[in-house]
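Written below as structure tokens is the structure these notes are about.
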Amino acid sequence: MAFQVLIVDDSPVMRTFIQRVMKSSEFDVSAYFQASNGKEALEVLGREWIDVVLTDINMPVMNGEELLRSIRSSAIEVPVVVVTTDATDVRVREMLTLGAKGYLTKPFAPEALRLELERVLGGANA
Amino acid sequence: MPEFSLAQAVSQAAEDVLSTMFFTLVEEAPAEVANQLDFETRIAFRGHWAGSLALRCSTDAVAEMASNFLGSDFDAPPSEAEQQAVMMELANMICGAVLSKIGSEGLFELLPPEPCSAASFADDSAAPGSHFVEHTFGVGLGALCLKFRLDDAP
């Protein structure tokens with residue numbers, strides 16, 4: 001089964017890095033979508049089928065926390081993995097409480113991203 | 001916060017970020033290398049902690065790190081804008097990693113990284129009541145200098 005992935009980060013080079021890492025993994029991804037903030041991500045989620053969202057927290061316009069709240073209060077059902085530099089316990093708890101299914105701290109090894117996606121997607125693509 | 005533990009956190013964070021996501025090994029560099037660096041960026045943070053991280057890097061090192069990070073082909077190296085963006089992301093990741101290492105219970109916010117001038121970088125130094133760490137690494141053919149300032153420890 002091929003997945004459609006949405007990468008949300010205000011840094012275009014970070015989006016490029018994540019997409020590159022995913023392409024080099026064994027995941028069968030049929031389409032990559034990118035957004036530079038939560039508002040753009042919601043627009044993509046409103047028009048495309050997305051299997052998993054990878055999002056940063058600190059972003060202008062609409063941050064990752066606001067994106068998670070918006071997804072939770074909408075009819076959209078999509079697993080969200082937070083990818084951020086913030087590894088503090090309080091932030092991890094906050095994001096998981098808001099509905100994040102995964103949490104990956106930068107820096108991360110390519111293998112860590114693969115394992116986290118495998119866990120979140122239930123091993124369906126392993 | 002003891003200065004030695006902040007120094008360890010800065011050093012370890014930089015090594016972790018550079019080796020894990022930039023596929024770049026670091027080594028100690030002589031202090032005089034800092035005078036040959038010409039690519040500056042700074043990121044500020046606030047919240048449980050407040051302060052800033054400034055990076056200064058040689059052109060060679062920036063080009064190498066950007067190529068590694070973006071997976072660029074040898075015949076299509078990253079543009080200067082991409083190199084600057086990679087430097088900003090490097091600052092973002094090292095700063096977040098340092099703050100995560102020195103305290104896991106306080107929320108912090110990283111402000112958007114931005115280029116800074118060489119003069120501004122040179123002005124970064126220890127201030128009364130602040131904790132300050134400066135460290136220079138050898139990175140490939142070049143070098144990377146970090147200045148981390150913690151202004152308001154709880």
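Within every chain, numbering begins at 1; the chains are lettered A, B, ... in the order of the sequence lines, protein sequences first and strands thereafter. Worth saying up front: this structure is predicted, and the values here are computed from it rather than measured.
Hydrophobic cluster membership is shared by A:Phe27 and A:Val81, with clusters built from Ile, Leu, Val, Met, Phe, Trp and Tyr side chains linked at under 4.5 angstrom. A:Leu104 and A:Ile7 fall within a single hydrophobic cluster, where Ile, Leu, Val, Met, Phe, Trp and Tyr side chains are chained together by heavy-atom contacts under 4.5 Å. A continuous path of hydrophobic side-chain contacts links A:Val21 to A:Val120 [ILVMFWY only; heavy atoms under 4.5 Å]. A:Leu117 and A:Val80 fall into different hydrophobic clusters, where Ile, Leu, Val, Met, Phe, Trp and Tyr residues are linked whenever their side-chain heavy atoms come under 4.5 Å apart, directly or through other members. Cluster annotation: A:Met95 is not connected to A:Val83 through the hydrophobic network of ILVMFWY side chains, with a link wherever side-chain heavy atoms come within less than 4.5 Å.
With rounding to the nearest 0.5 Å, the separation of OG in B:Ser72 from CZ in A:Arg20 is 8.0 Å. Atom CD of B:Glu82 sits about 7.5 Å away from atom OG1 of A:Thr16, to the nearest 0.5 Å. The CG atom of B:Leu107 sits 7.0 Å away from atom CG of A:Asp86, with the distance rounded to the nearest 0.5 Å.
Across all non-hydrogen atoms, the minimal contact from B:Thr20 to A:Pro107 is CB-CB, 4.0 Å. The minimum heavy-atom distance linking A:Val13 with B:Phe69 is given by the pair O-CE2, 3.3 Å.
Contacts with chain A were tallied for B:Met93, B:Glu109, B:Glu89; B:Glu89 has the most, counting heavy-atom pairs under 4.5 Å. Note: B:Leu110 leads B:Leu110, B:Val86, B:Leu111 in heavy-atom pairs under 4.5 Å with chain A.
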Side-chain donor-acceptor contacts of residues 50-64 of chain A below 3.5 Å, not counting sequence neighbours, with atom names and distances?
from: A:Asp51; atom 1: OD1; to: A:Trp49; atom 2: NE1; distance (Å): 2.9
from: A:Asp51; atom 1: OD2; to: A:Gln4; atom 2: N; distance (Å): 2.7
from: A:Asn63; atom 1: OD1; to: A:Glu65; atom 2: N; distance (Å): 3.1
from: A:Asn63; atom 1: OD1; to: A:Glu66; atom 2: N; distance (Å): 2.8

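Proximity of B:Asn92 to A:Met14: side-chain heavy atoms (C-beta onward) are nowhere separated by under 4.5 Å.
Proximity of a side-chain donor or acceptor of A:Thr85 to a complementary backbone N or O of B:Gly96 within less than 3.5 Å is not detected.
Residue contact with chain A, scored on non-hydrogen atoms closer than 4.5 Å, involves the side chain of B:Phe23 exclusively.
In this structure, B:Glu80 places its CD atom where only 12 or fewer heavy-atom neighbours from other residues, nucleotides or ligands lie under 6.0 Å away.
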